[in-house]
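The following block contains the structure, expressed as structure tokens.
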Amino acid sequence: MPNKLGDLVVTSGQPYFVRCNVHSYRALTTIPYLSAPPAGPLSPPIVTFTTDPGADQLTIVLNPTNYNPPLHGLTLWLFVGKPVNVGVNFYNAPWRYVGTNTWNVNWASDPWTVGTPWTIDIDQRLWLYVVAQHTSGG
């Protein structure tokens with residue numbers, strides 16, 4: 001039988017049996033699919049941020065209308081990546097936690113100003129990682 005690379009290999013009868021029967025099994029079996037929540041999936045609100053290189057601070061403006069309806073008890077966890085050169089288009093690590101902000105009728109801080117763990121220089125790219133978590137754990 002040919003493998004995924006197209007090379008002919010000798011195998012036992014089990015892979016051939018699975019190959020011949022898996023399609024018919026999937027076609028004849030009802031597989032339950034997970035459906036999306038009625039209001040659609042949640043995503044973190046769109047944030048706009050500016051930096052102050054002299055003070056090594058980050059100011060984030062949060063838009064409360066991105067959630068429909070806004071969830072009371074929603075917490076945003078903010079992580080900041082180390083500043084890199086402008087030509088870098090992908091960032092992996094290190095991430096540093098810099099603060100949280102909670103939605104209860106309004107954001108606890110808006111605009112939200114946090115200090116950065118690293119020195120910010122002009123003409124550098126700064127990466128943000130925002131995690132949204134509801135008090136229910138979702």
Side-chain angles (χ1 to χ4, degrees):
M1 289 179 52
N3 64 8
K4 289 186 179 185
L5 299 175
D7 301 327
L8 293 176
V9 294
V10 178
T11 63
S12 67
Q14 183 185 14
Y16 185 73
F17 176 81
V18 170
R19 181 178 181 182
C20 292
N21 292 300
V22 74
H23 176 70
S24 62
Y25 176 76
R26 289 181 66 195
L28 299 174
T29 306
T30 304
I31 300 172
Y33 292 99
L34 295 175
S35 59
L42 297 177
S43 60
I46 297 171
V47 298
T48 305
F49 73 95
T50 56
T51 59
D52 182 1
D56 293 328
Q57 288 185 338
L58 186 65
T59 302
I60 302 161
V61 177
L62 299 164
N63 186 353
T65 61
N66 290 103
Y67 283 96
N68 188 14
L71 296 173
H72 298 287
L74 177 70
T75 301
L76 297 181
W77 301 73
L78 179 65
F79 299 85
V80 176
K82 191 170 185 177
V84 293
N85 293 332
V86 176
V88 177
N89 293 322
F90 177 80
Y91 186 79
N92 188 18
W95 293 101
R96 297 291 182 260
Y97 166 77
V98 293
T100 59
N101 200 352
T102 304
W103 171 271
N104 285 316
V105 182
N106 289 315
W107 291 109
S109 300
D110 190 20
W112 182 17
T113 302
V114 295
T116 59
W118 293 288
T119 302
I120 302 172
D121 292 327
I122 297 174
D123 296 331
Q124 285 189 324
R125 183 170 281 179
L126 191 63
W127 295 84
L128 297 181
Y129 178 51
V130 179
V131 177
Q133 183 179 23
H134 192 257
T135 53
S136 64

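For the numbers below, each heavy atom of this structure counts, side chains included, while hydrogens, waters and symmetry mates do not. Predicted model only: the values in this text are computed from it and were never measured.
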**Message:** Restricting to non-hydrogen atoms, name the atom on V61 and the atom on P111 that form the minimum distance, rounded to 0.1 Å.
**Reply:** CG2-CB, 4.2 Å
**Request:** Please check if atom OH in Y97 has more than 12 non-hydrogen atoms from other residues, nucleotides or ligands closer than 6.0 Å.
**Result:** yes
**Message:** Tell me every residue that passes side-chain contact (heavy atoms from CB on, under 4.5 Å) with L8, counting only those two or more places apart in sequence or in another chain.
**Reply:** P2
Identify each donor-acceptor pair in which a side-chain atom of residues 50-60 lies under 3.5 Å from a protein atom, sequence neighbours left out, and give them as a table.
residue : atom : partner : partner atom : Å
D52     : OD1  : G54     : N            : 3.4
D56     : OD1  : I120    : N            : 2.9

**Prompt:** Are the side chains of L128 and L78 in touch, meaning some heavy atoms are under 4.5 Å apart?
**Reply:** yes
**Fill in**
Taken in chain and number order and not counting sequence neighbours, the residues that satisfy side-chain contact (heavy atoms from CB on, under 4.5 Å) with V9 are N3, T11
**Asked** Where do T100 and W77 come nearest, in terms of heavy atoms and distance?
**Response** CG2-CE3, 3.4 Å
**Request:** Report yes or no: do W127 and Y129 belong to one cluster of Ile/Leu/Val/Met/Phe/Trp/Tyr joined by side chain heavy-atom distances under 4.5 Å?
**Result:** yes
**Prompt:** Crowded around D7 CG? As in, over 12 foreign heavy atoms under 6.0 Å?
**Reply:** yes
Using a 3.5 Å cut-off and no angle test, enumerate the donor-acceptor pairs between side-chain atoms of residues 80-95 and protein atoms at least two apart in sequence or in another chain.
residue : atom : partner : partner atom : Å
N89     : OD1  : R125    : NH1          : 2.7
Y91     : OH   : K82     : N            : 2.7
Y91     : OH   : A93     : O            : 3.3
Y91     : OH   : P94     : O            : 2.6
W95     : NE1  : N92     : O            : 2.9

